[in-house]
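The next block holds one structure in the form of structure tokens; read it before the comments.
Side chains are part of it too, since the values below use all heavy atoms of this structure and drop only hydrogens, waters and symmetry mates.
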Amino acid sequence: MSSTPADRHTPTALIVGASRGLGHAMAAEFFDRGWNVIGTVRDTTARTLLHELADRSDGRVSVEHLDINEPTQLAPLHERLAHRELEVLFVNAGTTNHEQTPIGAVPTADFVEVMVTNALSPMRVIETLEDLVSPTGLIGAMSSGQGSITNNTTGLREVYRGSKAALNMFMRSFSARQSETQRAFVLMAPGWVRTALGGPEAPLTLEESVPQVVDVLLSRLGKPGLEYLDRWGRTVPW
């Protein structure tokens with residue numbers, strides 16, 4: 001017997017930070033694979049690539065407002081999404097400072113901005129929205145290969161590296177507190193990608209990275225536990 005439309009469930013992914021770059025490309029990739037997508041943008045006035053994707057999505061892509069560094073915006077977002085069940089919650093957030101500045105010379109304000117944006121705020125989002133995720137769904141965050149302590153043999157980008165290592169630690173603590181769940185947890189290292197953050201010298205295009213990133217995320221669904229993975233699905237050393 002063939003299934004009816006009511007029998008078929010279209011999974012939903014929430015991509016936090018989807019206005020451009022990796023986040024927008026992930027939203028588009030999930031949409032192209034038949035998923036419903038909710039994407040967040042920080043600016044309430046400017047049109048973004050995510051808005052353009054929503055316009056041609058026949059209602060399958062929706063846009064929500066969230067500045068992840070404004071904790072007061074999290075509860076209202078949770079309330080707006082309370083009727084949705086998510087198969088994937090993925091937080092894509094990142095900023096950096098002057099890359100060549102050694103850690104001892106980094107201004108305090110720059111340090112705080114990078115650490116809050118890259119480590120604290122993503123975990124606030126996850127802690128607030130995790131109950132919207134299916135019991136067998138996936139919660140992920142955009143880390144970086146530069147968050148690997150083991151692989152740091154060159155230094156530089158020190159605040160950025162430290163922020164991603166902190167994110168990895170916080171996510172590990174979160175997953176440890178969720179040890180009885182059937183959910184998958186993923187810290188993703190997408191490679192050095194040509195975006196506003198990655199810069200024009202990055203060797204990878206979005207088209208070369210993002211489909212593989214989504215492949216890895218989908219391969220983890222139904223597999224409980226935390227993994228720190230690159231776009232090939234290979235384990236990145238802590």
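- Once rounded to the nearest 0.5 Å, the distance linking CG of Asp43 with OG1 of Thr48 reads 9.0 Å.
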(message) Please evaluate residues Leu14 and Phe90 with respect to the criterion side-chain contact (heavy atoms from CB on, under 4.5 Å), reporting the C-alpha separation (whole Å), side-chain torsions for both, the decisive distance (0.1 Å), and the verdict.
(response) CA-CA 6 Å; Leu14 170 58; Phe90 192 90; over 6 Å; no
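- At a threshold of 4.5 Å between non-hydrogen side-chain atoms, the residues Asn36 and Pro11 do not count as touching.
- Under a hydrophobic-cluster definition in which Ile, Leu, Val, Met, Phe, Trp and Tyr are linked whenever side-chain heavy atoms come within less than 4.5 Å, directly or via other members, Val63 and Ile38 are assigned to different clusters.
- More than 12 heavy atoms of other residues, nucleotides or ligands sit less than 6.0 Å from atom CZ of Arg60.
- Two residues are said to be in side-chain contact when any heavy atoms from C-beta on lie closer than 4.5 Å; Leu22 and Val210 meet this criterion.
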(request) Using the side-chain contact (heavy atoms from CB on, under 4.5 Å) rule, take Glu158 and Val106 through it: C-alpha gap first, then chi angles, then the decisive distance, then the call. (result) CA-CA 9 Å; Glu158 291 166 22; Val106 172; over 6 Å; no
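- Aromatic ring orientation, Phe185 versus Phe174: perpendicular (interplanar angle above 60°, classes split at 30° and 60°).
- Atom CZ of Phe111 has 12 or fewer heavy atoms from other residues, nucleotides or ligands within 6.0 Å.
- Side-chain contact check for Pro122 versus Leu167: some heavy-atom pair is nearer than 4.5 Å.
- For Arg42 (side chain) and Gly17 (main-chain N/O), no donor-acceptor pair under 3.5 Å exists by modelled atom type.
- Both tests hold for Arg157 against Tyr160: distance to the six-membered ring centre under 6.0 Å, angle to the ring axis within 45°.
- No path of Ile, Leu, Val, Met, Phe, Trp and Tyr side chains, each step under 4.5 Å between heavy atoms, connects Val91 with Val186, placing them in separate hydrophobic clusters.
- The two residues Pro190 and Arg231 have their closest heavy-atom pair at O-CD, 3.5 Å.
- Residue Asn152 comes nearest to Gly155 through the heavy atom pair OD1-N, 2.9 Å, listed as atom of the first residue, atom of the second, then distance.
- Of all heavy-atom pairs between Pro135 and Thr181, the closest is O-OG1, 3.9 Å.
- Across Ser144, Ser163, Ser143, a single residue satisfies side-chain hydrogen bond (donor to acceptor under 3.5 Å, both in side chains) together with Asn168, and that is Ser143.
- The minimum heavy-atom distance between Ala27 and Leu50, with the atom names listed, is CB-CD1, 4.1 Å.
- Taken together through direct or relayed side-chain contacts under 4.5 Å among Ile, Leu, Val, Met, Phe, Trp and Tyr, Ile68 and Val116 form parts of separate hydrophobic clusters.
- Expressed to the nearest 0.5 Å, how far CG of Leu89 lies from CG of Leu132 amounts to 8.0 Å.
- Side-chain atoms of Gln182 do not come within 3.5 Å of backbone N or O of Thr136 as any donor-acceptor pair.
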(message) side-chain contact (heavy atoms from CB on, under 4.5 Å), that's the test. Do Met171 and Ile126 meet it? Break it down for me.
(response) CA-CA 9 Å; Met171 191 69 169; Ile126 287 169; 3.9 Å; yes
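- By the 4.5 Å heavy-atom criterion applied to side chains, Leu187 and Met142 are not counted as neighbours.
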(message) The test is side-chain contact (heavy atoms from CB on, under 4.5 Å); show your working for Thr235 and Tyr228 and say whether it passes.
(response) CA-CA 6 Å; Thr235 297; Tyr228 179 22; 5.6 Å; no
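- By the 4.0 Å N-to-carboxylate-O rule, Asp215 lies close enough to Arg33 to be salt-bridged with it.
- Counted within 6.0 Å of CD1 on Ile149, heavy atoms from surrounding residues, nucleotides or ligands total 12 or fewer; the atom is thus considered open.
- With rounding to the nearest 0.5 Å, the separation of CD in Glu227 from CZ in Arg220 is 4.5 Å.
- Summarising the geometry, atom CD1 belonging to Ile139 is positioned 9.0 Å from atom CD belonging to Glu127; distances are rounded to the nearest 0.5 Å.
- Considering all non-hydrogen atoms of both residues, Ala189 and Gly145 come closest at CB-N, 3.4 Å.
- Nearest approach of Val37 to Phe31, heavy atoms of both residues: CG2-N, 3.8 Å.
- By the 6.0 Å contact criterion, CG on Asp58 is open, its count of non-hydrogen atoms from other residues, nucleotides or ligands being 12 or less.
- At a threshold of 4.5 Å between non-hydrogen side-chain atoms, the residues Val236 and Leu229 do not count as touching.
- At a threshold of 4.5 Å between non-hydrogen side-chain atoms, the residues Trp35 and Glu29 do not count as touching.
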(request) Walk me through it: do Arg183 and Glu87 pass the test salt bridge (Lys or Arg N to Asp or Glu O under 4.0 Å)? (result) CA-CA 10 Å; Arg183 290 174 180 155; Glu87 277 69 34; over 6 Å; no
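- Looking at heavy atoms from C-beta onward, Asn118 lies in side-chain contact with Thr95 at the 4.5 angstrom threshold.
- Two different hydrophobic clusters hold Leu120 and Val125 under the rule that ILVMFWY side chains link at heavy-atom gaps under 4.5 Å.
- Within a 6.0 Å sphere centred on CH2 of Trp232, other residues, nucleotides and ligands contribute 12 heavy atoms or fewer.
- Of the inter-residue distances, the one linking Met115 atom CE with Lys164 atom NZ reads 11.0 Å to the nearest 0.5 angstrom.
- Here the side chain of Ser175 pairs no donor or acceptor atom with the backbone of Leu226 at under 3.5 angstrom.
- Side-chain contact between His65 and Thr40: absent, with no pair of heavy atoms (C-beta onward) separated by less than 4.5 Å.
- In this structure, Met123 is a member of the same hydrophobic cluster as Val133, with clusters built from ILVMFWY side-chain heavy atoms closer than 4.5 Å.
- Glu64 CD to Arg80 CZ: the interatomic distance, rounded to the nearest 0.5 Å, is 4.5 Å.
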